[in-house]
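Quick note on labels: first sequence line is chain A, next is B, and so on, each numbered from 1. Predicted, not measured: the structure shown is a model, and the values here were computed from it.
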Protein chains: 2
Amino acid sequence: MVLSVQKVKGYVMKIAELSSRSGVSVPSIKYYLREGLLAAGHSTAANQATYDEQHVRRLRLIRALIDIGGLPIASVRAVLEAIDSGSTSLHDAFGSVMHALEPAPLTDSKSEIAAARKAVLAWLRARQWSVKPNAPAIRRLAEAMLTLRQFGFGIALDDLGGVADAAEQMAEFEVASARSQIDRTASVEYMLLGTVVYGQALTEIRRLALEAVSARADKPAKGRRARAH
Amino acid sequence: MVLSVQKVKGYVMKIAELSSRSGVSVPSIKYYLREGLLAAGHSTAANQATYDEQHVRRLRLIRALIDIGGLPIASVRAVLEAIDSGSTSLHDAFGSVMHALEPAPLTDSKSEIAAARKAVLAWLRARQWSVKPNAPAIRRLAEAMLTLRQFGFGIALDDLGGVADAAEQMAEFEVASARSQIDRTASVEYMLLGTVVYGQALTEIRRLALEAVSARADKPAKGRRARAH
DNA sequence: TATTCCGGATAGTGTCACTATCTATTCGAT
DNA sequence: ATCGAATAGATAGTGACACTATCCGGAATA
């Protein structure tokens, strides 16, 4: 289903060591093999096979996507397929990975969402961000903005120019880093990890900032007490 | 379990209208009632009850947390309990909400993670962000940084100063907006929506930026073609 | 009066990510 | 050579999750 990892044959091991080195239990490894997330080892006999460093790395990638990124198995498979697909263009591979990242599209398509989608598309055009128009991120962003508006948040896409500029700068840095990787697979993997794990890191930083700032606002360092009684 | 929503008695409705106005099916509403996510309506007879605007709003909040934030029911309940708890301090409520937002802590606590945690704590101290030391975000951030390092990302917390500054500014704006809401519940709700939904919007913007930038890098507008053959 | 709707209770469904068990080998230490 | 541990591969079972379906006696409504 996914598969094909080769190249250097270096050190090989059996499943028990693969398990201990990757931190994934043997039954779970078997499950990932069955599900096509992990390439089969090199068969040496009817019931023997060896695994190598690529398998360790791939397992760690799988766990990162599941544990940190919170992706379901199906998305992990789709993402790995995109990585391993023969797509010549790096960008096509990135695009496939991005599309595979998002959960299934919600079915309800009200006119409100269609309008919000349109607004997002216009915003993207104005920013000269060329993105496939069926990118799941567009709909998700539209839904988020719609929800914020429904709850009375006085915020619109046009207020997010600064944020978008920052995101663009970060993306430029990340893409450049990804492209400097030794091969195509490494580039796509790098980009994937960047998207999912680094994105998660940013989310957590945002939450910590909110907690810290709300603490500061609640009991300012100088002067008045937070609440008298 | 959670509950208590009152104040204005204005317009009341029965469950069918609550369903159509909130977009949540009647059986699901009943489920949320059973699970204690939604306050019971006002009983007018053995098998009759009325609901009001607060219920509509609360249902929309629940759906936003589930659909956009991707929270499990248990987290939604915890978050709503934090909102409705009698905590006088706004910040305590925010903190509870933040803590309730994160998935259960992963059990494995290796020395590596402990070290990464320490680094995060030191970084927070250096930034003068005072955060409860048991905040789940700390561990999640530590894990993310550790994973990035394991995959050869040459990035450390100290490289995230700019990002953290930006997050702090945004947080200041958000907290100020939240505090300007009419009452405590509205403030906490605002903060919660901001954290979850606005955070999701930022994530999507980041992904769109990555896709757009990688497209640009792959086939630059002027000059050379992407790949010759 | 008849049909629809209601709250409340109980039971069932489908998905997900494993986890357990079994068989028939094969390895590896004695 | 022997025997217990490990292996590949197949099938079945588990527990959590978020609903969904059905039923009941009573109330609202046309």
Flag if over 12 foreign heavy atoms under 6.0 Å of NZ, B:Lys132: yes

Residues B:Glu174, A:Arg206: salt bridge by 4.0 Å N-O rule: yes

Atom-to-atom span, CG of A:Leu38 to P of D:dA8 - whole angstrom: 11 Å

Using nucleotides 18-22 of chain C, report all nitrogen or oxygen pairs with the protein that are shorter than 3.5 Å.
{"from": "C:dC18", "atom 1": "OP2", "to": "A:Tyr32", "atom 2": "OH", "distance (Å)": "3.0"}
{"from": "C:dT19", "atom 1": "O4", "to": "A:Arg34", "atom 2": "NH2", "distance (Å)": "2.8"}

Protein-nucleotide distance (B:Glu35, atom CD; C:dA9, atom P), rounded to Å: 13 Å

Shortest non-hydrogen contact from B:Lys14 toward B:Tyr51: C-CD1, 4.0 Å

Contact summary for B:Ala164 and B:Trp129, nearest pair of heavy atoms: O-CZ2, 3.6 Å

I'd like a list of close polar pairs between nucleotides 1-6 of chain D and the protein, N/O only, cut-off under 3.5 Å.
none

Exercise: identify the closest heavy-atom pair between B:Pro133 and B:Ile138: O-CD1, 3.8 Å

Below 4.0 Å: OP1/OP2 of C:dG7 and any side-chain N or O of B:Tyr51: yes

Atom pair distance, as rounded to whole Å: CE in A:Met13 and C1' in D:dT7: 16 Å

Salt bridge present between A:Arg57 and A:Glu189 (N-O < 4.0 angstrom): yes

Validation row, ring centre B:Phe153 to ring centre A:Tyr190 under 6.0 Å: yes

Integer-rounded Å distance: D:dT7 P and A:His42 NE2: 17 Å

Gap between atoms CD1 and P, on A:Ile29 and D:dA10 respectively (whole Å): 17 Å

Approximate separation, where rounding is to 0.5 Å, of A:Leu192 CG and A:Leu65 CG: 5.0 Å

